[in-house]
Amino acid sequence: MDCIFCKIVKKEILSKMEYQDEFCTVFHDINPRAKIHLLVVPNKHIATVNDMETADEPAFGRMLKVARDTAQKLGLNAYKLLISVGKEAGQEVFHVHLHVMSVS
Ligand code: 5GP
Ligand code: ZN
């Protein structure tokens, strides 16, 4: 499958990676819209939140925890979390990703 985020997860293409475990991967957005702009993705290819299955619940829970932990590791106390679901909502990459953006 030709998915850019799957390739980042498998380290087939380079990214500034912050964290990886058995469920998810965190890397810096290539076109940051905040001083710190991370993307947290499930290692499994899931196109959108609409495609999430019950079996994916642990991965989504881990994504939120890892977003919090990585934000704190980088010194953020306040930050925004965003997931766009579907093209009309602005989703451009069809592999679920949680944006973590600093506010200053
Ligand atoms: P979306 O608009 O789908 O919610 O967000 C996709 C995000 O992925 C954008 O902020 C974009 O800058 C980022 N992005 C797209 N391609 C790459 C890439 O190859 N590497 C990294 N690190 N980020 C990417
Ligand atoms: Zn993918």
Side-chain angles (χ1 to χ4, degrees):
M1 195 192 315
D2 198 28
C3 170
I4 197 128
F5 287 177
C6 281
K7 287 179 180 162
I8 287 175
V9 166
K10 290 187 241 161
K11 299 178 181 157
E12 289 172 7
I13 65 168
L14 201 63
S15 74
K16 194 177 167 199
M17 201 176 280
E18 282 291 341
Y19 178 85
Q20 186 167 54
D21 64 20
E22 72 272 34
F23 283 116
C24 65
T25 300
V26 186
F27 52 94
H28 290 261
D29 196 294
I30 204 167
N31 183 23
R33 279 172 274 152
K35 205 185 236 177
I36 294 177
H37 186 169
L38 305 168
L39 299 172
V40 185
V41 306
N43 294 341
K44 173 187 167 188
H45 182 84
I46 304 167
T48 82
V49 168
N50 287 334
D51 301 296
M52 178 193 176
E53 297 170 352
T54 304
D56 300 322
E57 283 181 20
F60 277 78
R62 181 68 65 84
M63 284 167 62
L64 205 51
K65 180 180 181 294
V66 161
R68 190 272 315 267
D69 290 348
T70 311
Q72 287 184 346
K73 184 182 87 175
L74 297 179
L76 303 181
N77 291 314
Y79 48 91
K80 292 183 184 179
L81 299 177
L82 173 78
I83 301 180
S84 299
V85 184
K87 198 173 178 183
E88 287 154 331
Q91 185 176 0
E92 288 178 354
V93 177
F94 282 79
H95 179 134
V96 168
H97 47 283
L98 171 63
H99 294 263
V100 183
M101 287 173 284
S102 62
V103 290
S104 57

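Note that the structure is predicted; figures quoted are calculated from it, not measured. Numbering of ligands and ligand atoms starts at 1, following listing order.
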Residue from K11, Q20, K10 passing side-chain hydrogen bond (donor to acceptor under 3.5 Å, both in side chains) with T25 =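 Considering K11, Q20, K10, a side-chain hydrogen bond (donor to acceptor under 3.5 Å, both in side chains) with T25 is found only for Q20.
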
So, do H97 and H99 have ring centers that fall under 6.0 Å from each other?
->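 Yes, they do, as the ring centres are separated by less than 6.0 Å.
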
Centroid-centroid under 6.0 Å between F5 and F94 rings =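 No, they do not, as the ring centres are separated by 6.0 Å or more.
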
Working for salt bridge (Lys or Arg N to Asp or Glu O under 4.0 Å), residues K65 and D69 = CA-CA 6 Å; K65 180 180 181 294; D69 290 348; 3.0 Å; yes

So which N/O/S atom does H95 have closest to the Zn ion (ligand 2)?
->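 Closest N, O or S atom of H95 to the Zn ion (ligand 2): ND1.
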
Which N/O/S atom belongs to H45 and is the closest one to the Zn ion (ligand 2)?
->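 Nearest N/O/S atom of H45: ND1.
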
Heavy-atom closest pair, residues V40 and M63 =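 For V40 and M63, the tightest heavy-atom pair comes out as O-CE, 3.5 Å.
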
If you count only heavy atoms, which residues are under 4.0 Å from ligand 1?
->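 Answer by chain and number: I4, F5, I8, F27, H28, D29, I30, N31, R33, L39, S84, G90, Q91, E92, V93, H97, H99.
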
Decide yes or no for L39 and H28: does some side-chain heavy atom of the first lie under 4.5 Å from some side-chain heavy atom of the second?
->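 A side-chain contact is absent here, since even the closest heavy-atom pair is not under 4.5 Å.
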
Does a salt bridge link E92 with K87, judged by any charged N lying under 4.0 Å from a carboxylate O?
->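 K87 and E92: not salt-bridged.
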
